[in-house]
Every structure is written in C-alpha cells, then in structure tokens.
There are 2 protein chains.
Amino acid sequence: MSLTHIQSFVAVAEEGHVGRAARRLHLTQPPLSRHILALEDELGTRLFERTPRGMRLLPAGEAFLRHARRILAEVDAAVHTVRGVTAGRQGA
Amino acid sequence: MSLTHIQSFVAVAEEGHVGRAARRLHLTQPPLSRHILALEDELGTRLFERTPRGMRLLPAGEAFLRHARRILAEVDAAVHTVRGVTAGRQGA
DNA sequence: AATGGTTACGGATCCCGTAACGATC
DNA sequence: GATCGTTACGGGATCCGTAACCATT
C-alpha cells in the first residue's frame, strides 16, 4: 500500500475510466491499471467492477474511497502544518 | 512522501534513536536515516535535532508527528473497513 | 575509542512506457 | 473493428545493506 496507489485509486474512482485517470495523473494506462490491481490484491477484494464502458465502484470500493480521501487530505494537512510551523519561526 | 517514510519518522520520534528504531522496523540504520533526511528535505525543514544521545523532536517534528499518527491510523482503518465490507458479503 | 548519525558504493528490486493481447460491443 | 482494460518485456531509477566516515564525549 502506497500513497501513489491511493491517489491512483481516487482518480480512477472519480473518472470511472483508467484512460482518463491516467491522463489526469500524467501517466499511461498500464501502470495505473497495475496500481489498482495491486491494491485489490493487497486488500484481497475487487474494488471496481469492469464494465465495457470503464470502471464502476463496488461497495468495497466505495468504502475504501471515503478513507482514501481522508488519508490524502490528512497528508496535505501535515505538509501545510509543518510549513506553517516553520514560517511562524521565520523559515529555518 | 511515502507511507514508509512516515512509519520511519514515527518510529524514530518514539525511540529518539535511529538505531533502536531501525531494529524495531527490522531495518539497518542507513536506510532509516535516509528516510528521515528525505522527509526533511521534502518538507524543507529539520524535524529532529541531532544530539550526541540521539534524535530529539523539533517543534516542526512534533506538529508532523500528530498528523503522521493520524495518517497511519486512517490507513489501518481503511484496510479494516474494506475487509469488513467484504466479510459482510460473504467473502468474494 | 565508543557511540550515534551520515555518506559511498554495488547489486537486487521496482516501476514506468512501448508493444502486444483479450474481451466486449 | 473500436474501445477498454490487462499482460509481456526491457531499461532506468530506486532502495537496501555493507563498509567507511565524521562528530561528540
């Protein structure tokens, strides 16, 4: 499990499409597809249903999505907080 | 920024010592030391003060630690939630 | 010289992109 | 046969561990 995989998952969930998500992430389809497969493998469950149109979230995927967003938001908050602390001490 | 780096940071923060944290993580000192340096580099700030005894958290490090723990807890929660959803649907 | 963190270096592993493939309409 | 996702494969980047180094006591 890596933050990259989580970001990839969120992008695919939001786009419903590996190709579009890949473009959004400045990546090609194969690595992105592998991220999702690795995640599903690690969690032991399918997160998406593969349809002829693209990818649709399964219930496990919807549950994971909520956590995934929180994780990424928390990472952002961590970075901003540290920058804030540093700025408050005039940038050393 | 990676989950591995965050885990490393928490271990060093809790042990106050790269060597002990390394043992706890089943790793050697050099890679662990590099994780911390990479994190500090990426955040643009020192997180620890290097003392002759080991590593002591700086204010930026203390702030980061709170977020780091929340991130790791959230990742755990994500895994457990997905496993729970799957179990509730009799294990597909 | 002992202790603790960091840098050098080499080999294994990982990971991306191109190309080829498989399945569905 | 067009559209999507996935698998094969090769080359570059990453990352660990051993060894050597530097600083403090």
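Each chain gets a letter, A, B and so on, in the order its sequence line appears, and its residues count up from 1.
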Between P of D/dG5 and CG of A/Leu39, the distance in whole Å: 16 Å

Write down the distance between CD (A/Gln7) and P (C/dC16), rounded to a whole number of angstrom. 12 Å

Is the side chain of A/His5 donor-acceptor paired with the backbone N or O of A/Met1 at a distance under 3.5 Å, no angle test? no

Within residues 19-38 of chain B, residues whose heavy atoms come under 4.0 Å of DNA chain D: B/Leu27, B/Thr28, B/Pro30, B/Pro31, B/Arg34, B/His35

When every non-hydrogen atom of B/Ala13 is compared with those of B/Leu65, the smallest separation belongs to CB-CD1, 4.1 Å

Are B/Leu58 and A/Val79 co-members of a hydrophobic cluster defined by side-chain heavy atoms under 4.5 Å apart? no

From B/Ile71 atom CD1 to A/Leu72 atom CG, the distance as rounded to the nearest 0.5 Å: 9.5 Å

Please report the distance, rounded to the nearest Å, between CG in A/Leu47 and P in D/dT6. 12 Å

Restricting to nitrogen or oxygen on both sides, can you table the protein-nucleotides 23-25 of chain D pairs closer than 3.5 Å?
none

In whole angstrom, what separates B/His17's NE2 from C/dT6's C1'? 14 Å

Here the pair of heavy atoms bringing B/Ala11 nearest to B/Leu25 is CB-CD1, 3.8 Å

Determine whether the side chains of B/Thr4 and B/His35 contain a donor N or O and an acceptor N or O closer than 3.5 Å. no

Is the distance from OP1 or OP2 of D/dT6 to the nearest side-chain N or O of A/Arg50 less than 4.0 Å? yes

If hydrophobic clusters are built by linking Ile, Leu, Val, Met, Phe, Trp and Tyr wherever their side-chain heavy atoms come under 4.5 Å apart, do A/Ile36 and A/Leu47 end up in the same one? yes

Counting only heavy atoms not in A/Arg56 (residues, nucleotides, ligands), do more than 12 fall under 6.0 Å from its CZ? no

Measure the distance from CD on A/Glu15 to C1' on D/dG5 and round it to the nearest whole Å. 16 Å

Tell me, please, which residues at least two apart from A/Glu42 pass salt bridge (Lys or Arg N to Asp or Glu O under 4.0 Å). none

Can you check the A/Glu49 CD to C/dA23 P distance for me, whole Å? 18 Å

What integer distance in Å separates B/Glu42:CD from D/dT14:P? 13 Å

Atom CE of A/Met55 and atom P of C/dT24: how far apart are they, to the nearest Å? 15 Å

